[in-house]
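This report concerns only the one structure given below.
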Amino acid sequence: LSNPQITIDSENIIYVVFESQRSDYTDISVVIRGPIGWSDPFFLTSDLYNSVDPVIAIDDQDNVHIAWADYRKVTPEIFYIVRKSATGQW
């Protein structure tokens with residue numbers, strides 16, 4: 001676990017995004033703390049190249065926004081994902 005970033009929504013749900021290494025490369029993962037405790041890590045990336053420097057934010061509708069630098073094409077690119085509060089889907 002490295003480079004963690006944290007945010008809390010209006011329902012007091014905690015979101016932590018971080019860099020993780022479950023292979024030779026760095027991936028981006030997220031855990032969520034809700035009313036029943038912490039979730040298992042959810043891997044947003046799992047590629048043969050490094051994904052680093054995650055940032056997280058929540059908008060006024062409790063949608064979770066995560067971005068990171070991704071090196072799968074050698075030159076870093078910014079990748080982005082959103083978790084819709086209405087569905088809970090990434």
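Only heavy atoms go into these numbers, but all of them, side chains included; no hydrogens, no water, no symmetry mates. Fair warning: this is a prediction, and the values are worked out from it, not measured in the lab.
- In this pair, His65 and Tyr80 present their aromatic rings parallel. The plane angle is below 30°, not in the 30 to 60° band.
- Trp68 and Ile56 fall within the same hydrophobic cluster, defined by Ile, Leu, Val, Met, Phe, Trp and Tyr side-chain heavy atoms under 4.5 Å apart, directly or through other members.
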Next on the checklist: Please determine whether side chain to side chain contact (heavy atoms under 4.5 Å, CB included) holds for the pair Ile14 and Trp38, giving the CA-CA distance in whole Å, both sets of side-chain angles, and the decisive distance to 0.1 Å.
Outcome noted: CA-CA 9 Å; Ile14 301 169; Trp38 288 99; 4.0 Å; yes

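- Follow the hydrophobic side-chain contacts under 4.5 Å out from Ile66 and you reach Ile32 in the same cluster.
- Counting non-hydrogen atoms of neighbouring residues, nucleotides and ligands closer than 6.0 angstrom, the OH atom of Tyr71 reaches no more than 12 such neighbours.
- Checking side-chain atoms of Asp53 against main-chain N and O of Ala69 turns up no donor-acceptor pair under 3.5 Å.
- Side-chain contact check for Glu11 versus Asp62: some heavy-atom pair is nearer than 4.5 Å.
- To the nearest 0.5 Å, atoms CG (Asp70) and OG1 (Thr45) are separated by 6.5 Å.
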Item to check | CA sep, side-chain torsions, deciding dist, call: Arg72, Phe79, side chain to side chain contact (heavy atoms under 4.5 Å, CB included) | outcome: CA-CA 11 Å; Arg72 68 184 71 183; Phe79 278 50; 3.5 Å; yes

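- Between Ile28 and Ser51 the shortest heavy-atom distance is CD1-O, 3.4 Å.
- Counting heavy atoms of neighbouring residues, nucleotides and ligands inside a 6.0 Å radius, atom OH of Tyr49 does not exceed 12 of them.
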Next on the checklist: Show, in sequence, the C-alpha distance, side-chain angles and deciding distance for Val31 and Phe18, and conclude whether the side chain to side chain contact (heavy atoms under 4.5 Å, CB included) test is met.
Outcome noted: CA-CA 9 Å; Val31 291; Phe18 56 95; 4.1 Å; yes

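- Of the possible polar contacts, one joining the Ser85 side chain to the Gln61 backbone as a donor-acceptor pair under 3.5 Å is found.
- Between Arg83 and Tyr15, the side chains place a donor N or O and an acceptor N or O closer than 3.5 Å (distance only, hydrogens not considered).
- Thr26 places no side-chain N or O within 3.5 Å of a backbone atom of Gln21 that could act as its donor or acceptor partner.
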Checklist entry - Between Asn3 and Val52, is a side chain to side chain contact (heavy atoms under 4.5 Å, CB included) present by the stated rule, with each step listed? => result CA-CA 8 Å; Asn3 200 12; Val52 296; 6.0 Å; no

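- Residues Val16 and Val30 fail the side-chain proximity criterion, which asks for heavy atoms closer than 4.5 Å.
- Using modelled atom types, one finds no donor on one side chain facing an acceptor on the other under 3.5 Å when comparing Ser20 with Asp27.
- Ile58 pairs with exactly one of Ile13, Asn63, Asp9 by the side-chain contact (heavy atoms from CB on, under 4.5 Å) rule, that one being Asp9.
- One hydrophobic cluster, built from ILVMFWY side chains closer than 4.5 Å, holds both Phe42 and Ile81.
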